[in-house]
Protein chains: 2
Amino acid sequence: MKIYDKQRSRFEARASVLKALAHPTRLFMIEELAKKSYCVCELTEMVGLDISTVSKHLSILKNAGLVNVEKKGKQVFYSLRMRCALNFLDCVEAVLREQAQDRMDAIQ
Amino acid sequence: MKIYDKQRSRFEARASVLKALAHPTRLFMIEELAKKSYCVCELTEMVGLDISTVSKHLSILKNAGLVNVEKKGKQVFYSLRMRCALNFLDCVEAVLREQAQDRMDAIQ
DNA sequence: TTCATATTTGGCATAATAACCAAATAAAAG
DNA sequence: CTTTTATTTGGTTATTATGCCAAATATGAA
């Protein structure tokens, strides 16, 4: 029995949340939803993919608990639920800046 | 031309960093590497997967810029580079607690 | 040099993702 | 009730990810 096995389900749960974030379209939508709530058709217009694709992306964010959903008439509005998700995008940006620096160092 | 298209490469870069994190085994290793550096063979013993699998996971973390690598004799030691990655695991934990709460609410 | 140990790389099988289209469902309007 | 609009779901295909084994590489010891 390895150390990892004992805690595997805990790390699987964390990974599933991070997986929900780890897609460019979903990251874009999260950033937009941080500003205000949007319906599926508005988000579809912004991203330029098929509406069924956008709907599925939103469903992934919803299942991960990252967004709220509110139905208004025929439309469904999504909004950002976990605003802390934004904070850690700052860390991701820091990682990217370091990556860029590494590439510079490699050239010199 | 959609809003998203103009910034797509920026979101792709972010997503690639998050993808590197979004795996249970890699999250486990990141948490361990936060405590101290380990060689590949030690990590392999902890996770209980094939050493080639562990090596590939570490390579993914390295390419994302999340860990440092240092060779000492025959062994290769990895250590956590971006400690801010730990902070946002706190956010992930918060999301998971909310998920659990939602499930409780659904039952009641 | 040869051997043993540590790590990485290539190849392959399987599983998971993501995109689209088409069809199903939901809600409001005519 | 039928139509229209908005959204979700099911199905298919293409791409990517994961894990193992075997082979290649690297380092140090004998």
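Every chain is numbered from 1 and lettered A, B, ... according to where its sequence line falls, protein lines coming before strand lines.
- Closest approach of A/Gln75 to A/Cys41, counting heavy atoms only: NE2-SG, 3.6 Å.
- A 4.5 Å side-chain heavy-atom check between B/Thr25 and B/Thr53 finds every atom pair outside the cut-off.
- The phosphate of D/dC20 has OP1 or OP2 within less than 4.0 Å of a side-chain N or O from B/Thr53.
- Computed from coordinates, the A/Glu70 CD to C/dA27 C1' distance equals 16 Å when rounded to whole Å.
- Within the nucleic acid shown, A/Lys56 comes within 4.0 Å of at least one base atom, counting heavy atoms only.
- Atom pair A/Lys72:NZ and D/dT7:P shows a separation of 12 Å (rounding to whole Å applied).
- For A/Lys74, whose side chain is taken as the heavy atoms from C-beta onward, the closest listed nucleotide among C/dA27, D/dT18, D/dT8 is C/dA27.
- As rounded to whole Å, 14 Å separates atom P of C/dA15 from atom NZ of A/Lys19.
- The minimum heavy-atom distance linking B/Leu58 with B/Val67 is given by the pair O-CG2, 4.2 Å.
- Counting distance only, with no hydrogens placed and no angle test, the side-chain atoms of B/Lys71 and the base atoms of D/dG28 include no donor-acceptor pair under 3.5 Å.
- Comparing B/Asp50 and A/Ile51 against DNA chain D, the residue whose closest nucleotide sits nearer the 5' end is A/Ile51.
- A/His23 has a side-chain polar atom (N or O) that falls below the 4.0 Å cut-off from OP1 or OP2 of C/dA19.
- Dashed line: the shortest gap from a side-chain N or O of A/His57 to OP1 or OP2 of C/dT17 is not under 4.0 Å.
- Atom CD in A/Gln75 sits about 15 Å away from atom C1' in D/dT8, given to the nearest Å.
- The phosphate of D/dT8 has OP1 or OP2 within less than 4.0 Å of a side-chain N or O from A/Tyr78.
- Contacts of A/Ser52 with the nucleic acid, taken as non-hydrogen atoms under 4.0 Å apart, include base atoms.
- Note: CG (B/Leu58) to C1' (C/dA6) measures 13 Å, nearest angstrom.
- Closest to the side chain of B/Cys41, out of D/dT8, C/dA19, C/dA6, is C/dA6.
- Remark: C1' of C/dA18 and CG of A/Leu49 are 10 Å apart, rounded to the nearest angstrom.
- Listed for the B/Glu45 side chain is no donor-acceptor partner under 3.5 Å among the backbone atoms of B/Glu42.
- Summarising the geometry, the separation between CD1 on B/Ile60 and P on C/dT9 is reported as 12 Å, rounded to the nearest angstrom.
- Across all strands, A/Phe77 comes closer than 4.0 Å to no nucleic acid atom at all (heavy-atom distances).
- Taking CG of B/Leu66 as the reference point, atom CG of B/Leu21 lies at 5.0 Å (rounded to 0.5 Å).
- Atom P of nucleotide C/dT17 and atom CG of B/Leu18 are separated by 15 Å, given to the nearest angstrom.
- OP1 or OP2 of C/dT7 has not a single side-chain nitrogen or oxygen of B/Tyr38 nearer than 4.0 Å.
- OP1 or OP2 of C/dT7 has not a single side-chain nitrogen or oxygen of B/Ser55 nearer than 4.0 Å.
- Between the side chain of A/Arg26 and the main chain of A/Ala20, a donor-acceptor pair closer than 3.5 Å is present.
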